[in-house]
Amino acid sequence: MHMHRLWLRIACAAMMAAPFLAKADNGAALQAAKRGLAQFAEHQQAIRPGSAPVDFPLDITDVGDLKQAKVSHGFEVYTVDPKELLARGDLASLAKPTGEWRFVISLHGKPIGLATVQQVNGRYETVAYGASVLAKDVDAAMAVHGNSVRSNLRFIRIYQARADLLEVDRAKFAPLHSARESLLLQKNGNQLVEGTDLLEPLRAAVKANIEAFR
């Protein structure tokens with residue numbers, strides 16, 4: 001991850017129920033993602049033409065593939081305060097926006113990774129690329145559970161549990177790859193889980209990870 005961020009630095013130097021693409025600032029975040037990808041692609045093709053190294057942040061075989069890569073749909077990252085998670089029981093009401101956006105990067109219509117966009121000195125900038133597994137997982141889950149504009153979905157990352165969830169219709173959750181591994185769930189991204197069924201596994205993961213860093 002540090003290497004991925006380094007590559008990018010070289011290249012570049014609400015309402016709770018609001019849909020991913022409805023916020024006024026999404027336009028600026030989207031433009032930042034497109035601008036960043038163009039700069040990243042140009043720089044990478046200049047310094048490392050040919051086969052992509054094994055630790056390249058996007059899932060491509062040749063750096064030249066970046067010429068055809070495109071910024072696809074985006075979503076804001078929501079999170080849950082671990083103290084509130086341990087004390088209260090409604091995941092949907094606990095989730096708050098972080099201000100960070102992530103955009104799926106696609107090649108020939110298939111996801112190859114995510115661009116992370118944050119505000120830097122008051123301006124949106126792409127700050128990292130990577131997470132090809134998550135990109136494929138969340139893209140597939142959104143296709144299954146989302147309405148035509150994905151306004152019924154929210155992406156929730158619970159950092160202290162190392163778990164990503166896709167909230168559907170403010171009622172149920174699709175556990176994504178990290179959540180399935182961290183919480184030992186026998187589910188896939190096509191299957192929905194009640195929020196109440198996730199509380200105890202999430203709390204246990206939060207407690208274990210907090211204890212591990214003390």
Side-chain angles (χ1 to χ4, degrees), residues 1-2 4 14-21 23 57 59 73-104 111-118 127-147 150-214:
M1 179 59 71
H2 293 305
H4 299 166
M15 289 291 289
M16 289 290 294
F20 289 148
L21 303 182
K23 287 197 172 185
D59 185 15
H73 55 86
F75 50 91
E76 188 170 15
V77 178
Y78 285 71
T79 194
V80 173
D81 184 284
K83 293 181 181 178
E84 292 190 351
L85 178 66
L86 295 175
R88 297 168 54 194
D90 182 7
L91 279 178
S93 66
L94 293 177
K96 301 293 189 296
T98 65
E100 176 180 289
W101 289 77
R102 306 198 85 180
F103 291 87
V104 175
I112 59 173
L114 296 172
T116 300
V117 176
Q118 298 174 347
V127 298
Y129 292 111
S132 61
V133 172
L134 175 59
K136 295 170 185 176
D137 200 23
V138 74
D139 187 70
M142 286 180 174
V144 171
H145 302 298
N147 58 27
R150 301 185 179 89
S151 60
N152 63 324
L153 306 174
R154 288 193 303 176
F155 177 89
I156 300 174
R157 165 161 288 183
I158 303 175
Y159 296 93
Q160 294 79 3
R162 299 175 182 172
D164 295 327
L165 305 167
L166 188 67
E167 182 191 49
V168 182
D169 296 318
R170 290 181 59 81
K172 295 187 178 183
F173 300 84
L176 300 174
H177 178 77
S178 59
R180 298 195 297 270
E181 288 201 339
S182 176
L183 308 181
L184 303 178
L185 298 176
Q186 301 300 313
K187 298 281 185 179
N188 59 46
N190 293 340
Q191 298 171 294
L192 296 180
V193 182
E194 296 286 347
T196 52
D197 293 333
L198 289 171
L199 280 175
E200 288 312 311
L202 282 170
R203 286 168 174 163
V206 166
K207 289 176 181 177
N209 288 326
I210 289 176
E211 287 295 325
F213 283 97
R214 283 183 176 172

Is any side-chain heavy atom of [X] closer than 4.5 Å to a side-chain heavy atom of [Y]?
X    : Y    : result
K96  : D81  : no
R157 : L134 : yes
D137 : R180 : yes
L202 : L85  : yes
V117 : V127 : no
P175 : L183 : no

Checklist entry - Rounded to the nearest 0.5 Å, how far apart are CG of L199 and CG of D90? => result 8.5 Å
Next on the checklist: With no hydrogens and no angle check, just 3.5 Å: does a side-chain donor-acceptor pair link H73 and D139?
Outcome noted: yes
Measure from the side-chain N and O atoms of [X] to the backbone N and O of [Y], and report whether any donor-acceptor pair falls under 3.5 Å.
X    : Y    : result
D59  : V133 : no
S132 : I112 : no
E76  : G99  : yes
D169 : A171 : no
D164 : L176 : no
S182 : A161 : yes

Item to check | Flag if over 12 foreign heavy atoms under 6.0 Å of CZ, R203 | outcome: yes
Checklist entry - Got a sec: does the NZ of K172 have more than 12 other heavy atoms crowding it under 6.0 Å? => result no
Next on the checklist: Restricting to non-hydrogen atoms, name the atom on P57 and the atom on Y129 that form the minimum distance, rounded to 0.1 Å.
Outcome noted: CB-O, 3.5 Å
Checklist entry - Looking only at heavy atoms, what is the nearest atom pair of T79 and I156, with distance? => result CA-CG2, 4.4 Å
Item to check | Partner of F75 by side chain to side chain contact (heavy atoms under 4.5 Å, CB included), out of E100, R102, R154, R150 | outcome: R102
